[in-house]
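Just below is one structure, and these are the notes that go with it.
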There are 2 protein chains.
Amino acid sequence: MVRGKTVIERIENTTSRQVTFSKRKSGLFKKARELGVLCDAQVAVVLFSNTGRLYDYSNCNSGYARLTSDSY
Amino acid sequence: MVRGKTVIERIENTTSRQVTFSKRKSGLFKKARELGVLCDAQVAVVLFSNTGRLYDYSNCNSGYARLTSDSY
DNA sequence: GATGCTATATATAAATT
DNA sequence: TAATTTATATATAGCAT
């Protein structure tokens with residue numbers, strides 16, 4: 001995004017990869033939340049980091065969102 | 001984002017809401033794909049528009065992603 | 001109603017602290 | 001290592017078609 005266009009390929013440096021994961025996860029969840037509100041839509045986002053940790057966002061209580069929340 | 005900062009609240013005009021849904025859905029899926037590649041993460045995104053239509057993106061074959069793909 | 005265009009808001013990579 | 005800053009890439013709202 002800055003100081004040299006980012007190429008979309010796996011980030012090999014572990015620290016950089018974790019930092020990027022954290023930042024982009026926040027961005028993705030924010031976008032998901034905005035889409036839900038603006039467009040009156042139901043949204044679910046589920047991520048597994050490459051360390052196996054689960055992160056999710058949802059604005060609804062049924063369907064897929066319920067599947068995810070039932071699972072942990 | 002432009003010509004007046006967007007307030008994050010339900011878009012009442014049906015046409016505008018559908019246009020925004022389509023555009024932001026594309027953006028969200030793109031961000032999800034980039035996060036998966038850059039950070040070697042598994043990602044699943046599921047959306048229901050307010051017309052009840054399902055849209056999803058995933059880069060993985062197991063866990064929640066399999067739940068979603070098994071369901072339709 | 002869908003699509004393409006731009007001006008501008010937003011996200012974020014790298015640097016810095 | 002984690003938070004903050006900043007320069008720049010990216011996303012997108014409103015228009016035009």
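Below, each value reflects all heavy atoms present in this structure, side chains not excepted, and no hydrogens, waters or symmetry copies. Please read these numbers as outputs of a predicted model, since none were measured by experiment. By convention in this document, chain letters (A, B, ...) are assigned in the order of the sequence lines, proteins followed by strands, and residues within each chain are numbered from 1.
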Atom CZ of B:Arg17 and atom P of C:dA2 are separated, to the nearest Å, by 13 Å
To the nearest angstrom, the CD-P distance between B:Glu12 and D:dA13 comes to 16 Å
Rounded to whole Å, CG of B:Leu35 lies from C1' of C:dA11 at a distance of 13 Å
| message | Considering every strand and a 4.0 Å limit on heavy-atom distances, what is the contact class for B:Thr20: base, sugar-phosphate, or nothing? | response | sugar-phosphate
Heavy-atom nearest nucleotide on DNA chain D taken for B:Lys30 and for B:Val19; more 5' hit belongs to B:Lys30
From CD1 of B:Ile11 across to C1' of D:dA13 the rounded distance in Å is 9 Å
B:Leu47 and B:Lys25 have their tightest heavy-atom pair at CD1-CG, 3.6 Å
Taken to the nearest whole Å, CZ/B:Arg24 to C1'/D:dG14 is 13 Å
Rounded to whole Å, CZ of B:Arg33 lies from C1' of D:dA11 at a distance of 14 Å
From the candidates C:dA11, C:dA14, D:dA13, the one with an atom nearest any side-chain atom of A:Glu34 is C:dA11
Note: for A:Lys23 and B:Lys25 on DNA chain D, the residue whose nearest nucleotide lies more 5' is A:Lys23
Heavy-atom nearest pair, B:Phe21 first then A:Leu35, reads CD1-CD1, 3.8 Å
Atom CZ of A:Phe21 and atom P of C:dA13 are separated, to the nearest Å, by 13 Å
Students should find that the hydrophobic cluster of B:Ile8, defined by side-chain heavy atoms under 4.5 Å apart, otherwise consists of A:Val37, A:Leu38, B:Ile11
Looking only at heavy atoms, the pair that brings A:Cys39 and B:Thr20 closest together is SG-CG2, 3.8 Å
Taking for A:Ser16 and for B:Gln18 the nucleotide of DNA chain C with the nearest heavy atom, the one nearer the 5' end belongs to B:Gln18
- Message: For C:dT12 and B:Lys31 - does any side-chain N or O of the residue sit under 4.0 Å from the phosphate oxygens OP1/OP2?
- Response: yes
Rounded to whole Å, the CG-P distance (B:Leu28 to D:dT10) equals 18 Å
Minimal heavy-atom distance between A:Ser49 and B:Ala41, with the atoms involved, is CA-CB, 4.2 Å
